[in-house]
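What follows is a single structure, and I will ask about it in a moment.
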Amino acid sequence: MNETNKTETLGFQTEVKQLLNLVTHSLYSNKEVFLRELISNASDAADKLRFEALAKPEFYENNPVLKIWVDFDSKEQTITIKDNGIGMSREEVVTNLGTIAKSGTRDFLATLTSDQTKDTHLIGQFGVGFYSSFVVADKVSVKTRRAGFGKEAGVLWESNGEGEFTVTNIEKAERGTEVTLHIKSEDRDIIDYWRLQQIIVKYSDHIMLPIIMKKPLAEKETVQQEEVVNKATALWVLPKKDIKDDDYKALYRHISHDFEEPLIWSHNQVEGKLDYIMLLYIPSHAPFDFWSRDKRKGLKLYIQRVFILDDAEQLLPNYLRFVNGIVDSKDLPLNVSREILQSNRIIDQIRSSIVKRVLDMLEKLVESEPEKYAKFWQAFGGALKEGLVEDFAHKERIAKLLRFASTKNDNSEQNVTLDDYVQRMRKEQDKIYYITAENFNVAKNSPYLEVFRQNDIEVLLLDDRIDEWWLTHYQEHLGKKFQSISKSDVDVSKLAKDASAKTDTEKLKTDYEGVLKKMQTILADRITEVRLSDRLTDSPVCIVTTENDLSFNMQRIMSSFGQNVPKTKPILELNPKHKLIEQLRDMSDENLFTDWANLFYEQAILTAGGKLEDVAAFTKRINGLFMSSSDKRSADPRI
């Protein structure tokens, strides 16, 4: 076989097969998505060529004017999208069109399977936009040649969207990529000049390259004329007064691949010592791979309108990774690299300005559109909390943006600010009380809350993993220190509403002295101390840790990440007014006492969010106590 015409038949990656099966056999809410995605890919190819040509201008091959063409053939029933961008080599064709390397693909497929109404909204977010071609096509052909390669390095890729694709070496005189879709019979109404033009204007009007179509022949015309059907303007360099909200939203959809509108945006031109433009968007929802470590993040960086980087993460601190947008600088060199960006004074100054602007945007939402801020908090609140650890300079501003659930409303809605809490504090209260737990219901029903509820003292209910982390770095707000109510040093006796209701501690200590000593002996290898509690009103026991020990919730979190958890010996507290504890005091059967002592300890561990070392022994102990109670009832007809 002639090497020039070498053909290989290859199989798709497993995830691609699954995706194509969904694409070709599912009903889609918006089939127009394919054109948006292919034009976006063509635009990216032009951006990559501009960037590589900074070092190798010969890549332009005497054709520096970059364009995108959209054409159709009514006779052949095809639509073609062509560009003269960077193009692809044979190896890149196999890699880019045969696999999905982007993280989160399985989650994407799971969502696509479970919720067909969202399918086309998600395609672009996962780098699988090319495969949207099969929404309307039963065969796709791609001709491409990479810039800088000879004409003999052309490649033809073809597939019908099933399990395989073919790759053939061909000659291609021009660099770039040409994608031809063979349209399915049921979708051929899209093969129309006005329909295609309408889709381009709707989704791709903001693309900076001219998108060219051939105009239909007018009467007496014999040669079709080309026309640019989009604005082809770098929107962010225009005066704000000349930009409509719909234009801002269209650009957002392009750079974020998000069909929903942004919550808010900010467009600013900075002039002075530095000259740059920033257009920043805050999304209205989080993509479902937002928490993936491998997710690409950062802003698009342009230098004098020349695309440099798609994900310049140096422009944003990690806790603001939800921000989308564009920065265009006149002060950075065109050949700037990622490595140079890491330690660049100009980048540091731009980054500082972006942080302040984003915080301004969020504060504006809080003040003028609280409903929108609540939506933002639900999507990105967990990320914003990270700023209390990462951004010391702005921690007070960030803290005022935080929202929490609390015992004030006693529901899971997070709408309590730290300022709200401090303003509601009782005159004699000097701490901001909180509890951390695995989820809201565990926090809400915790026995640690009992005395606080009884005395109408508000407690923040925290159920986010990151809460344990930021609380170690941001330890007070408006001069009031944070206090975990599961720690041993909590003292709420001075906050009791009714002084006469305070426990007669000394008398009770005398009554329970024997119980405390016996339990201390039985549990000596697992606890530091057994003592009477002044924080319990309804529960028989609870377990608390000292100020320097990790909470049981933090131990659980560390364990879930596979980290070694240091051994701690907590304090067991007994409620002397609970009937079960009173019965324990009067119990004469030593074996039964031992079982109950162990059971109370294990109950307290579970309630605190801890993990039992021997679940089987715990279960056996409960069953034994049930059996003992049942035997007593059988023996005594009065029970």
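For this chain, numbers begin at 1 and follow the sequence in order.
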### Output field: ring centroids Trp470/Phe482 closer than 6.0 Å
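Yes, the ring of Trp470 comes within the 6.0 Å limit of the ring of Phe482, centre to centre.
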### Task
Measure the acute angle between the ring planes of Tyr248 and Tyr281, then classify it against the limits of 30° and 60° as parallel, tilted or perpendicular.
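Rings of Tyr248 and Tyr281: perpendicular, as their planes differ by over 60°.
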#### Entry: Carboxylate-amine/guanidinium contact Lys480 Asp430, below 4.0 Å
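Between Asp430 and Lys480 there is no salt bridge, as every charged N stays at least 4.0 Å from the carboxylate O atoms.
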### Message
Is there a side-chain contact (heavy atoms from CB on, under 4.5 Å) between Asp331 and Asp275? Walk through the geometry before answering.
### Response
CA-CA 7 Å; Asp331 300 291; Asp275 195 347; 3.9 Å; yes
#### Entry: Glu37 and Ser133 side chains, donor-acceptor separation under 3.5 Å
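Result is no, nothing qualifies.
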### Message
Taking Ile543's backbone N and O only, do any of them form a donor-acceptor pair with Tyr448's side chain (distance below 3.5 Å, no angle check)?
### Response
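Here the side-chain-to-backbone pair exists.
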### Task
Output yes when Arg50 and Asp47 qualify as a salt bridge under the 4.0 Å nitrogen-oxygen rule, no when they do not.
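Between Asp47 and Arg50 there is a salt bridge, with a charged N closer than 4.0 Å to a carboxylate O.
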### Query
Can you name the nearest heavy-atom pair linking Val490 to Ile485, along with the distance?
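Minimum heavy-atom contact is CG2-CA, 3.8 Å.
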### Query
Between Thr417, Ile432, Leu402, which is the residue that forms a side-chain contact (heavy atoms from CB on, under 4.5 Å) with His477?
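When Thr417, Ile432, Leu402 are each tested with His477, the side-chain contact (heavy atoms from CB on, under 4.5 Å) holds only for Ile432.
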### Task
Could you tell me whether Arg535 and Glu573 make a salt bridge, using a distance below 4.0 angstrom between a side-chain N and a carboxylate O?
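Salt bridge: yes.
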### Message
Would you say CG of Asp491 has more than 12 non-hydrogen atoms from neighbouring residues, nucleotides or ligands within 6.0 angstrom?
### Response
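Yes, because the 6.0 Å sphere around CG of Asp491 holds more than 12 heavy atoms from other groups.
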### Message
Between Phe322 and Phe376 (judged by ring centroids, cut-off 6.0 Å), do the two rings come close enough to count as a pair?
### Response
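Yes, they do, as the ring centres are separated by less than 6.0 Å.
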### Message
I'd like to know whether NZ of Lys487 has more than 12 heavy-atom contacts from other residues, nucleotides or ligands below 6.0 angstrom.
### Response
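Enclosed.
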### Query
Which is it for Arg357 and Met278 under the side-chain contact (heavy atoms from CB on, under 4.5 Å) test, yes or no, and what are the steps along the way?
CA-CA 10 Å; Arg357 179 61 57 183; Met278 55 182 173; 3.9 Å; yes
### Message
If I compare all heavy atoms of Cys542 with all of Ala604, which pair ends up nearest, and what's the gap?
### Response
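In this case the closest contact between Cys542 and Ala604 is C-CB, 3.9 Å.
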### Query
Parallel, tilted or perpendicular: which describes the rings of Phe404 and Trp377, with under 30° parallel and over 60° perpendicular?
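Aromatic pair Phe404/Trp377 classed perpendicular.
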### Query
Does a donor on one side chain sit under 3.5 Å from an acceptor on the other, for Asn41 and Ser43?
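There is no such pair between these side chains.
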### Task
With Leu359 as reference, evaluate Lys364, Lys400, Arg397 under the side-chain contact (heavy atoms from CB on, under 4.5 Å) test and give the passing residue.
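So, applying the side-chain contact (heavy atoms from CB on, under 4.5 Å) to Leu359 and each of Lys364, Lys400, Arg397, only Arg397 qualifies.
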### Task
For the pair Asn344 (side chain) and Ile346 (backbone), establish whether a donor and an acceptor sit closer than 3.5 Å, ignoring hydrogens and angles.
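Checking the backbone N and O of Ile346 against the side chain of Asn344, a donor-acceptor pair under 3.5 Å is found.
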#### Entry: Thr546-Asp549 side chain donor-acceptor pair, cut-off 3.5 Å
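On atom types as modelled, these side chains qualify, holding a pair under 3.5 Å.
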### Task
Evaluate salt bridge (charged side-chain N to carboxylate O under 4.0 Å, His left out) for Asp258 paired with Arg253, printing each intermediate quantity in order.
CA-CA 5 Å; Asp258 185 357; Arg253 286 193 292 267; over 6 Å; no
### Query
Cut-off 3.5 Å, side chains only: do Asp328 and Tyr276 have a donor facing an acceptor?
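Absent: no donor and acceptor within the cut-off.
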#### Entry: Sole residue of Asp467, Asn553, Ile435 in side-chain contact (heavy atoms from CB on, under 4.5 Å) with Leu462
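Answer after filtering Asp467, Asn553, Ile435: Asp467.
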### Separation of Asn318 CG from Arg321 CZ (nearest 0.5 Å)
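It is 4.5 Å, given to the nearest 0.5 Å.
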### Message
Treating Asp205 as the side-chain partner and Lys231 as the backbone partner, does any N or O pair qualify as donor plus acceptor under 3.5 Å?
### Response
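Here the side-chain-to-backbone pair exists.
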### Task
Kindly compute the distance separating CD1 (Ile68) from OG (Ser204), expressed to the nearest 0.5 Å.
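One gets 8.0 Å once the value is rounded to the nearest 0.5 Å.
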#### Entry: Spacing of Ser284 atom OG and Ile264 atom CD1 [to the nearest 0.5 Å]
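That separation rounds to 12.5 Å.
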#### Entry: Closest contact, heavy atoms only, Tyr421 versus Leu460
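Closest approach of Tyr421 to Leu460: CD1-CD2, 3.8 Å.
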### Query
Taking it one step at a time, do Trp265 and Ile282 satisfy side-chain contact (heavy atoms from CB on, under 4.5 Å)?
CA-CA 6 Å; Trp265 62 83; Ile282 294 179; over 6 Å; no
#### Entry: Point-to-point distance, once rounded to the nearest 0.5 Å, from CD1 of Ile457 to CZ of Phe452
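Going from the CD1 atom of Ile457 to the CZ atom of Phe452 covers 6.0 Å.
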### Task
Measure the spacing between NZ of Lys372 and OG of Ser368 and express it to the nearest 0.5 Å.
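One gets 8.5 Å once the value is rounded to the nearest 0.5 Å.
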### Query
Just wondering, do Leu251 and Ile255 contact through their side chains at under 4.5 Å, heavy atoms?
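Yes; the side chains approach each other to less than 4.5 Å.
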### Lys431 with Asp489: basic N within carboxylate O range, under 4.0 Å
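Looking at Asp489 together with Lys431, the answer is no, because their closest N to O distance does not fall below 4.0 Å.
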### Message
Do Ser551 and Glu468 pair up side chain to side chain, a donor and an acceptor below 3.5 Å, judged on atom types alone?
### Response
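Their side chains do contain a donor-acceptor pair, which is all the 3.5 Å distance test asks for.
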### Message
On a heavy-atom basis, which atom in Asn324 and which in Pro283 lie closest, and how many Å separate them?
### Response
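Heavy atoms only, the tightest pair is ND2-CG, 3.7 Å.
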#### Entry: Donor-acceptor pair between Ser40 and Tyr203 side chains, under 3.5 angstrom
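Side-chain D/A pair, Ser40 to Tyr203: absent.
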### Heavy atoms of other groups near Glu547 CD, more than 12 under 6.0 Å
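Yes, enclosed.
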#### Entry: NZ/Lys249: more than 12 non-hydrogen atoms of other groups inside 6.0 Å
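Atom NZ in Lys249 is crowded, with more than 12 foreign heavy atoms closer than 6.0 Å.
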### Query
Under the 3.5 angstrom rule, does the side chain of Asn230 hit a backbone N or O of Ile207 as a donor-acceptor pair?
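Side chain of Asn230 to backbone of Ile207: a pair is present.
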### Test log, rule side-chain contact (heavy atoms from CB on, under 4.5 Å), inputs His285 and Phe380
CA-CA 8 Å; His285 70 110; Phe380 303 111; 5.9 Å; no
### Message
Hydrogens and angles aside, do Glu458 and Ser406 bring a side-chain donor and acceptor to less than 3.5 Å of each other?
### Response
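Glu458 vs Ser406: donor-acceptor pair found between side chains.
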### Task
Kindly check if the number of other-residue, nucleotide or ligand heavy atoms within 6.0 Å of CD (Gln304) is above 12?
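Yes, because the 6.0 Å sphere around CD of Gln304 holds more than 12 heavy atoms from other groups.
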### Query
Around Lys395, counting heavy atoms of other residues, nucleotides and ligands shown, do more than 12 lie under 6.0 Å from its NZ?
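Atom NZ in Lys395 is packed in, count exceeds 12.
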#### Entry: Heavy-atom pair of closest approach, residues Ala42 and Leu209
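Looks like O-CD1, 4.4 Å.
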### Message
Quick one, Asp456 with Arg426, criterion salt bridge (charged side-chain N to carboxylate O under 4.0 Å, His left out). Give me CA distance, side-chain angles, the key distance, then yes/no.
### Response
CA-CA 9 Å; Asp456 196 26; Arg426 303 217 334 233; over 6 Å; no
### Task
Using only heavy-atom distances, determine whether the side chains of Asp391 and Tyr319 contain a donor-acceptor pair under 3.5 Å.
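Their side chains do contain a donor-acceptor pair, which is all the 3.5 Å distance test asks for.
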### Query
Which pair of heavy atoms, one from Lys611 and one from Ile605, lies closest together, and at what distance?
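Heavy-atom minimum between the residues: N-CG2, 3.9 Å.
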#### Entry: Atom pair CG/CD of Leu263 and Glu371 - distance to nearest 0.5 Å
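Between atom CG of Leu263 and atom CD of Glu371 there are 11.5 Å.
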